[in-house]
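Values reported hereafter were calculated over all heavy atoms of this structure, with side chains retained and with hydrogens, waters and symmetry mates removed. Within every chain, numbering begins at 1; the chains are lettered A, B, ... in the order of the sequence lines, protein sequences first and strands thereafter.
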Amino acid sequence: MSKDFEQQLREALRPVDPEEGFELRVMARIARERSRARTKVTRWVSVALAASVVFAAFLGAHQWQLRREQEGLEARKQLIEALRLTGEKLDIAYQAVNREAPEPADDGSGA
Amino acid sequence: MNTLLKQSILALCGMLSLCAGALAADGQLKLPEFGGLSDKASEVVTITLDPALLGLAARFLDPAKPEDAAVREAIAGIKGIYVRKYVFDTDFVYPQADVESVRKQLSAPGWQRLVEVRSRKEQQKVDIYLLVEQERANGLAIIASQPREFTIVNIVGSIDMKKLHELEGQFGIPKLELEQKK
């Protein structure tokens, strides 16, 4: 019994030559796995890169919008200040002209 | 060769003077740099609103608000607004020649002096000029000087004085009392 078992074991564990092309198939599979892993990483990097580009573009547009708004508000402020100064100087001139202008003649009605 | 060079220089000068003439014709004055005055002045106002900035400013005027709408209408034909104001703590710190150089530009054809105010008491000079082309006001210049301050206002473009007048009393723009003496 024990001898039979030993015999079977030896039979089962006897060195067997691999089939022809086994090494090539193993190497090809390793290469395929590596390539698949690389593709997966590349895909994730691409997605991350695209997301970063979209985010950067969004951020840039937002910043540009903010800056534009600040410039617009500043321009509005300057416009109002310019009109205020213009009005102020026109006022001085008109007041002086009014001072110089002769009073309308009194028609003597006493009204 | 020398003659050719001279002719070229003369032609260039001619072209430059034509350009300068065109610049004056569109109502924009050549304002001096007033370099170094900012350090001496206690208050400086420098406003440069070119057509692009004016357009931008107009976009920030709310047409729903009557006062903003009035400003929009007043600036509709205006191409540029340039203001320089300097206030000093002591008398005549500023180079009066610079201010006079602006006054001189207003002797160019088209500019008409509308008002000249000379106050001996306050040593104040105010001159208002209009650039009149084809019976339209295409430019406005105000030069106001006192011992301790001067202001130059140059508005370029088609100016509707009536609409400008309608802005009085808004945004701190003083109300002119022209009608009171009627």
Contact listing (chain B partner; residues 63-72 of chain A; heavy atom under 4.5 Å): R68(A), E69(A), E71(A), G72(A)

Residue selection (most heavy-atom pairs with chain A, distance under 4.5 Å) from I142(B), T48(B), V126(B): I142(B)

Same apolar cluster: V54(A) and V45(A), side chain cutoff 4.5 Å: no

Neighbour count >12 (heavy atoms, 6.0 Å) for atom CD, E33(A): yes

hydrophobic_cluster_shared for L49(A) and F58(A), side chain cutoff 4.5 Å: no

Members of residues 76-91 of chain B whose heavy atoms come closer than 4.5 Å to chain A: I81(B), V83(B), K85(B)

Non-hydrogen atoms of I47(B) and A82(A) that approach each other most closely: CD1-N, 3.7 Å

Name of the residue among D68(B), L56(B), D62(B) meeting side-chain contact (heavy atoms from CB on, under 4.5 Å) with R76(A): D68(B)

Region of E116(B) that comes under 4.5 Å of a non-hydrogen atom in chain A: neither

Side chain proximity check, L79(A) to L53(B), heavy atoms < 4.5 angstrom: no

Choice from V117(B), I128(B), L49(B) maximising heavy atom contacts with chain A below 4.5 Å: L49(B)

Over 12 non-hydrogen atoms of neighbours within 6.0 angstrom of CD in E20(A): no

R136(B), CZ atom: more than 12 neighbouring heavy atoms under 6.0 Å: no

Pairwise distance CD1(I75(B)) to CG(L83(A)) - rounded to 0.5 angstrom: 7.5 Å

Nearest-0.5 Å distance that lies between atom CG in N154(B) and atom OG1 in T86(A): 10.0 Å

